[in-house]
S.K.: 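Sharing a structure below in structure tokens format, with a few things to ask.
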Amino acid sequence: MSDAIAVEGLTKSYGSTRGVIDLTFSVGPGEVFGYLGPNGAGKTTTIRTLLDFIRPTRGTATVLGRDSRRDSVEIHRRTGYLPGEGSLYERLTGGEYLRYLAELRGGVDWRVAAGLAERLDCDLSVKIRGLSHGNRQKVALIQAFMHRPELLVLDEPTQGLDPLVQQEFHAMVEEVRREGRTVFLSSHVMPEVERLCDRIAIIREGRLVAVEEVGDLRERQVRMLEIRFAEPPRPDLFDGSPGVSDVAVNGDTIRIRVAGSIDGVVKAAARFEVVDLMSHEPSLEDIFLTYYGKEGDRGA
Amino acid sequence: MAHEATIPRGAMLRTVFSKTLRDQRKALAWWAAGFAGAILLYSSFWPSVRDNAEQFNEYLRKLPDFLKNLLGQIDYTTPEGYLQSELFVFLAPTLLIVYGIGAGARAVAGEEEAGSLDLLLSVPIRRRRVLVDKFAAMLGAIFLLTTVMWISVVAFGPLFDLRVGLGGFTAMSLNTFLLGMVFGSLALAVGTATGRRSVAIGVASGLAVATFIVNTLGPSVDWLDPFRLLSPFYYYADGNPILNGLDPVHALVLAGVSVAAFVYALWAFERRELTA
């Protein structure tokens, strides 16, 4: 079976700095693939090229074995798309909106749409004008999933969803994975993609920084740990522990940066009385540091 | 929580064409009502105009040339002349052009600016098919308003003894429809090529005003006269179709401009980079 998505040398220039530069990666069938990067990195540009809303300056994109430019209609038929921005028709109800897109798709099994609405607790009888951002996002999610597409292309899917709905969304992605369908999702938050995805591509300022298995990434992940002791700790407490850097002691609290496993640090700390231990979610900058090292530019 | 699981009713949601008309149904109803009301009002003035024919003709003789051109040099005190000056000089073309420009500018640029175009085009339908539907919906709306005008004159006119020859009146109605289509199609083309509604409205209405002025002042200003041939308003009213019937060449010119603008829009849409 061929790749669900194959992008080769894809470049999209806008004249200014925005756009994407020489992207090459592929997404296997049945994979849940995360596309991670800060806002403005080029995630949406990539996605909108896959769907032929914009055209590559150079390079090609193949989706479900078809050329993104020549076969866009077939790609659209087999793909569910959730835009990162944009709006739905204000004057339709959620149900009417789904009905419209379903009609344009040549009909869908309405039980699927109704079932999704039920799961996401989305009232389809309300005019979209009267829906909160989160509820609009639910309607947009339903239209992406309702025709049970082979490939889901989701641009920042959990934006604006409350945590319970996010969990339901995660379950929906899990089901898609079990059925062997493919998901390509973009995000600017690490924990989400880490939780959902098999592999992650990291994009920054239009360039692909890395494509990694989630497991590998986790091994190399950098965390900020903050440990408070009953008594002021010695600054050389973690000198022997692997992966530790940037040690800062402030009274009874020590802050360190740990790359990879935190096992050594926890065992070293356990020799003393620990009052509190906090692990900060790694920011994207921290993740980039994993790749760039300390000398990596942190600008922009 | 259980929600309504039945399929929402949506006979008008089957195609981009019907959905586009559905979006306009309230606006169309108001425009049609206003249009019909205005025609009723003008019809009711007719008896007093006819009865004071002498004074009106005296007044008209004193008008400057360009206003006489504007009114089409028809005897104001005949039913045809009255209808021409009250309905076809200004009211009907303005209404249909304004409606056409609005619909044309909304077709693609409106959706693009609202951010709803991405999802519309994410379904398995060619861009050109979407545009054909949008164009057809604009045509349908302008045709509907023209039909309302036609019926209003035929229905209300006789109540006040305003009876016009149906052939000439229908020819003029057709020309008004085509004029609305010309500027609607221009707005649709500019909006599709630029993705910007304000540019579409600005360019199309600017052209409408400019070509109207050229056609009206042309006969009085020598150097301007040749340029009348570039004005859609020339093909709309020249030769007094309300008296002399349809000039097929003129009607074809108007239709041709509309079709050409639409074909350009099809070409431009396929090549467009859509704004997110």
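Numbers restart at 1 for each chain; the letters A, B, ... are given by sequence-line order, proteins then strands.
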S.K.: Would you give the length of the straight line joining atom CG of L119(B) to atom CG of L104(A), rounded to the nearest 0.5 angstrom?
M.R.: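 Reported value, rounded in 0.5 Å steps: 11.0 Å.
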S.K.: Does the distance from a Lys or Arg side-chain N to an Asp or Glu carboxylate O, for D118(B) and R48(A), drop under 4.0 Å?
M.R.: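 Between R48(A) and D118(B) there is a salt bridge, with a charged N closer than 4.0 Å to a carboxylate O.
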S.K.: Atom OH in Y100(A), atom CE in M12(B): separation rounded to 0.5 Å?
M.R.: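 So the OH of Y100(A) and the CE of M12(B) are separated by 11.0 Å.
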S.K.: Who among R271(B), R126(B), R127(B) has the most heavy-atom pairs with chain A under 4.5 Å?
M.R.: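 The option with the most such pairs is R127(B).
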S.K.: Quick one about E273(B) and Y14(A) (side-chain donor to acceptor, distance below 3.5 Å, no hydrogens or angles considered), yes or no?
M.R.: no
S.K.: Is chain B contacted by the side chain of Q143(A), its backbone, both, or neither, given a heavy-atom distance below 4.5 Å?
M.R.: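 Contact with chain B: side chain only.
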S.K.: Can you tell me how far apart NZ (K19(B)) and CD (E103(A)) are? Round to the nearest 0.5 Å.
M.R.: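 It is 13.5 Å, given to the nearest 0.5 Å.
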S.K.: Counting heavy-atom pairs under 4.5 Å with chain B, which one of H147(A), E90(A), R105(A), R78(A) comes out on top?
M.R.: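 Top option by heavy-atom pairs under 4.5 Å: R105(A).
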S.K.: Could you measure the distance from the CG atom of D52(A) to the CG atom of L121(B)? Nearest 0.5 Å is fine.
M.R.: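 Answer for the CG-CG pair, D52(A) versus L121(B), is 9.5 Å.
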S.K.: Report yes or no: does H76(A) contribute a side-chain atom to a donor-acceptor pair with the main-chain N or O of I125(B) at less than 3.5 Å?
M.R.: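 Not at all, since once roles are kept as given, no pair shorter than 3.5 Å links the two residues.
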S.K.: Tell me whether R111(A) at atom CZ has more than 12 heavy atoms from other residues, nucleotides or ligands lying less than 6.0 Å away.
M.R.: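 12 or below, so no.
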S.K.: Need one label for L51(A): side chain, backbone, both or neither, based on atoms under 4.5 Å from any heavy atom in chain B.
M.R.: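 The answer is neither part of L51(A).
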S.K.: What part of T15(B) is in contact with chain A, defined as an atom under 4.5 angstrom from a non-hydrogen atom: side chain, backbone, both or neither?
M.R.: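 Backbone of T15(B) only, per the 4.5 Å heavy-atom cut-off to chain A.
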S.K.: Can you find a pair of side-chain heavy atoms, one from L88(A) and one from S116(B), that are under 4.5 Å apart?
M.R.: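 Of all side-chain heavy-atom pairs linking S116(B) with L88(A), none is under 4.5 Å.
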S.K.: Could you walk me through whether E96(A) and R22(B) pass salt bridge (charged side-chain N to carboxylate O under 4.0 Å, His left out), step by step?
M.R.: CA-CA 12 Å; E96(A) 284 168 345; R22(B) 182 190 191 274; 3.1 Å; yes
S.K.: Can you tell me how far the CG atom of L274(B) sits from the CD1 atom of I54(A), to the nearest 0.5 Å?
M.R.: 9.0 Å
S.K.: So for R272(B), is it side chain, backbone, both, or neither that comes closer than 4.5 Å to the heavy atoms of chain A?
M.R.: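 Answer is backbone: N, CA, C or O of R272(B) sit under 4.5 Å from chain A.
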S.K.: Does CD in E168(A) sit with more than 12 non-hydrogen atoms of other residues, nucleotides or ligands closer than 6.0 Å?
M.R.: yes
S.K.: What part of L92(A) is in contact with chain B, defined as an atom under 4.5 angstrom from a non-hydrogen atom: side chain, backbone, both or neither?
M.R.: side chain
S.K.: At what distance, to the nearest 0.5 angstrom, does OG of S87(A) lie from CD of E111(B)?
M.R.: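 The CD atom of E111(B) is 8.5 Å from OG of S87(A), to the nearest 0.5 Å.
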S.K.: Can you tell me if R91(A) uses its side chain to pair, donor with acceptor, with the backbone of D23(B) under 3.5 Å?
M.R.: yes
